[in-house]
Amino acid sequence: MNKREAEGCWKKLDGDMNDLSSPVTTSFKVFQQELDTKHDKYERLVKISRDITIESKRTIFLLHRVTSVPDVETILKEADAKLDGVRQKIGLIAEELRGEDIYQFHRAFTPGIQEYVEAVSFQHYIRHRTLISLEEINARLVFMKTDMTDLEGQPESPPPGAQALTFHVTASDYLLGVADLTGELMRMCISSVGNGDIDTPFQLSQFLRQIHDGFSYIGNTGPYEVSKKLHTLRQSLGKVEDACYALRVRGSEIPKHMLADVFSSRAALMDPEEGVA
């Protein structure tokens, strides 16, 4: 194609673009509408994820009170109610992703899902002293949607005409949420020591060691974000083990009401930039 033919093609294309009824203009309008629809959906997912993050953090703050109240079950039940509300919002994500490729929108909602995994795994540990599995998390993310009704948690007997909506937490979001859980467990250790509980730190130390060993098996084969958070995980484990060492060696010498101050100062020396708050 010579220069004159190329100029003729460009003029024809420019004319087609100015012609609102041309096939080219019609095609571009379709593309524009598709991109606008995806952008709007992405923004809605970002807002839902932000709400999930906020409510999950509030649940975590609530759960930290278990070290200072006599009735732990009351706190756990209140956390159950908050997590039910979070799951309703995750149901909204499931509705938005109906018929869509989840990985096209994954970055929009992954922060909220990670925070939810952190909250629900923290609650599960307080109640059962074990790590919740990915299968257990996903089993509670099945919703029933009837025509013209809001999403609700799956009832025991689904009403006629109800449609099942499921949301699957990805393996990477699960691992990242569990990695963040270790920081909350380290804070729980500090609170326990401050309240004179010298048994919980040793339980947490053993549990965190098991999590660390599990992440070590993954190594560099897992998602990039997981390897980045492994450093923080090791710091949390080191602080808890340091607390256990102090309790074992000097626990009988230090009054219980001063143990938390001693531990906090030692942890700050280990990592002055991060702190323990």
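Heavy atoms only: backbone and side chains are in, while hydrogens, waters and symmetry mates are out. Just so you know, these numbers come straight off a predicted model, no measurement behind them.
A donor-acceptor distance shorter than 3.5 angstrom exists from the side chain of Ser216 to the backbone of His212, with no hydrogens or angles considered. Panel note: side chain Ser205, backbone Pro201; no donor-acceptor pair is recorded below 3.5 Å. Judged purely by atom type and a 3.5 angstrom limit, Ser191 uses its side chain to pair as donor or acceptor with the backbone of Arg187.
The salt bridge (charged side-chain N to carboxylate O under 4.0 Å, His left out) search around Lys47 returns none, not counting sequence neighbours. Lys229 is linked by a salt bridge (charged side-chain N to carboxylate O under 4.0 Å, His left out) to Asp180, counting only residues two or more places apart in sequence or in another chain.
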Notebook entry, point to check: Could you walk me through whether Gln123 and Asp80 pass the side chain to side chain contact (heavy atoms under 4.5 Å, CB included) check?
Noted result: CA-CA 9 Å; Gln123 185 208 35; Asp80 277 331; 2.6 Å; yes
Trace of the side chain to side chain contact (heavy atoms under 4.5 Å, CB included) decision for Glu241 with Arg209 | CA-CA 9 Å; Glu241 288 182 336; Arg209 172 58 62 182; 2.8 Å; yes
Under the criterion side chain to side chain contact (heavy atoms under 4.5 Å, CB included), I'd like the reasoning laid out for His168 against Ile102: C-alpha separation, chi angles, the key distance, then a yes or no. CA-CA 10 Å; His168 295 285; Ile102 182 176; over 6 Å; no
### Query
Does the side chain to side chain contact (heavy atoms under 4.5 Å, CB included) test come out yes or no for Leu185 and Phe122, once each step is laid out?
CA-CA 8 Å; Leu185 294 179; Phe122 190 30; 3.9 Å; yes
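Leu62 contributes atom CG, which lies 8.5 Å from atom CG of Leu76 (distance to the nearest 0.5 angstrom). Taken from CG in Leu92 to CG in Asp51, the straight-line distance is 9.0 Å, to the nearest 0.5 Å. Ser56 contributes atom OG, which lies 8.0 Å from atom CD1 of Ile113 (distance to the nearest 0.5 angstrom). Between the OG1 atom of Thr182 and the CZ atom of Arg234 there is a distance of 12.0 Å, given to the nearest 0.5 Å. To the nearest 0.5 angstrom, Cys189 atom SG is 5.5 Å from Leu204 atom CG. With values rounded to the nearest 0.5 angstrom, Leu97 atom CG is found 7.0 Å from Lys41 atom NZ.
For Phe167 and Phe109, the ring centers sit closer than 6.0 Å to each other.
Between Ile54 and Arg58, the closest side-chain pair of non-hydrogen atoms falls below 4.5 Å. Between Tyr125 and Ile132, every side-chain heavy-atom pair lies at or beyond the 4.5 Å cut-off. In this structure the side chain of Thr74 never reaches within 4.5 angstrom of the side chain of Val69, judged on heavy atoms. When side chains are defined from C-beta on, Leu141 counts as touching Phe143, because their heavy atoms get closer than 4.5 Å. The shortest distance between side-chain heavy atoms of Asp197 and Thr67 does not fall below 4.5 Å. Contact of the Met188 side chain with the Ile126 side chain is registered, since non-hydrogen atoms from C-beta on lie closer than 4.5 Å.
One hydrophobic cluster holds both Leu175 and Tyr103 under the rule that ILVMFWY side chains link at heavy-atom gaps under 4.5 Å. Under the 4.5 Å side-chain heavy-atom criterion for ILVMFWY residues, a single connected hydrophobic cluster contains both Val72 and Ile190.
Across all their heavy atoms, Thr170 and His106 have their closest contact at OG1-NE2, 3.7 Å. When all heavy atoms are compared, the tightest approach of Gly177 to Val117 is CA-CG1, 3.9 Å. Taking all atoms of both residues into account, the shortest heavy-atom contact from Tyr116 to Ile52 is CB-CG2, 4.2 Å. Nearest heavy-atom pair across Thr53 and Glu115 is O-CG, 3.8 Å. In terms of heavy-atom proximity, Lys38 sits nearest to Phe105 at O-CE2, 3.7 Å. For Val169 against Asp173, the heavy-atom pair with the smallest separation is CG1-CB, 3.9 Å.
The 12-atom threshold is not exceeded at CZ of Arg107, counting heavy atoms of other residues, nucleotides or ligands nearer than 6.0 Å. Heavy atoms of other residues, nucleotides or ligands lying less than 6.0 angstrom from CD of Glu100 number more than 12. Other residues, nucleotides and ligands contribute over 12 non-hydrogen atoms within 6.0 Å of the CZ atom of Arg129.
With salt bridges taken as basic N to acidic carboxylate O contacts below 4.0 Å, one links Glu96 and Arg44. The pair Asp84-Arg87 counts as a salt bridge, with a side-chain nitrogen and a carboxylate oxygen less than 4.0 angstrom apart.
Aromatic ring pairs are classed by plane angle as parallel below 30°, tilted from 30° to 60° and perpendicular above 60°; the pair His128 and His124 is tilted.
Cation-pi contact between Arg248 and Phe202: present, with separation from the ring centre below 6.0 Å and deviation from the ring axis of at most 45°.
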